[in-house]
Amino acid sequence: RKEVEQDPGPFNVPEGATVAFNCTYSNSASQSFFWYRQDCRKEPKLLMSVYSSGNEDGRFTAQLNRASQYISLLIRDSKLSDSATYLCVVNKYGNKLVFGAGTILRVKS
Amino acid sequence: EAGVAQSPRYKIIEKRQSVAFWCNPISGHATLYWYQQILGQGPKLLIQFQNNGVVDDSQLPKDRFSAERLKGVDSTLKIQPAKLEDSAVYLCASSFLLAGRAGELFFGEGSRLTVL
């Protein structure tokens, strides 16, 4: 089983739609969780951290379910500029970050 | 503030040749990472340094890959001899270890390697 698993997509959605991605992780001792965004042929950039209580940043909401070992990312009111690959990242321990393979989002007008 | 610098941006070599990539992290960042990203996959950690010491190199193919971070600042990743399956983007990242910000890595633009 992979340490971090994501649905590769692509998720094709119209502008204004709400879309959600899930990510599962295998190590129950994992300490912290993040979503990174990667545009085509660019480097990954931190989108948001995922806290136990859930957190929201504008149109983006991230949640953590430790019991089921998954994290989620919800994007509301999708914009064309949201088209990218979303990488789920798990900090196993000691700042050792494991990346998922990513979920591709395509927002169409 | 200057970001993570990497060079070269692109490199094309034939199999069995050697190649070296250079990375200069953000000033003051103690931790430096080299990731390999094959097309369609997520970044895979090759090696992690804290200052000039190796924290994790468990996934570094040590028969052909080597990396060093002399003086705890910039770093070099070398591949010798290269294989076709080494074709990938090599991403360097750095982070400033601080409680609560452990997951914020700052990546360079990457070095895209093609092995023919």
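So you know, we letter chains A, B, ... as the sequences are listed, proteins then strands, and number each from 1.
- Highest contact tally toward chain B, considering only A/Gly102, A/Cys88, A/Pro44, is held by A/Pro44 [criterion: heavy-atom pairs under 4.5 Å].
- With values rounded to the nearest 0.5 angstrom, B/Gln37 atom CD is found 7.0 Å from A/Leu87 atom CG.
- Within 6.0 Å of CG in B/Leu116 there are more than 12 heavy atoms belonging to other residues, nucleotides or ligands.
- When each of B/Leu91, B/Val4, B/Asp56, B/Val89 is scored by its heavy-atom pairs under 4.5 Å with chain A, the top score falls to B/Asp56.
- Residue A/Ile75 is not grouped with residue A/Tyr70 when hydrophobic side chains (ILVMFWY) are merged at heavy-atom distances under 4.5 angstrom, including chains of intermediate members.
- The backbone N or O of A/Phe99 lies less than 3.5 Å from no partner atom in the side chain of B/Tyr35, so there is not a single donor-acceptor pair.
- For a residue to count as touching a neighbouring chain, one of its non-hydrogen atoms must lie under 4.5 Å from one of that chain's; by this rule A/Gln38 touches chain B with the side chain only.
- Rounded to the nearest 0.5 Å, atoms CZ (A/Phe34) and CG (B/Leu105) are 8.5 Å apart.
- If you chain together hydrophobic residues whose side chains sit under 4.5 Å apart, A/Val89 and A/Phe21 never meet in one group.
- Note: the hydrophobic cluster containing B/Val54 does not contain A/Leu97 (ILVMFWY, side chain heavy atoms under 4.5 Å, direct or indirect links).
- No more than 12 heavy-atom neighbours from other residues, nucleotides or ligands sit within 6.0 angstrom of CD on A/Gln63.
- The neighbour count for B/Lys62 NZ, taken as heavy atoms of other residues, nucleotides or ligands under 6.0 Å away, is above 12.
- A/Lys45 contributes atom NZ, which lies 11.5 Å from atom CD of B/Glu104 (distance to the nearest 0.5 angstrom).
- Using a 4.5 Å cut-off between heavy atoms, B/Glu109 touches chain A through backbone and side chain atoms alike.
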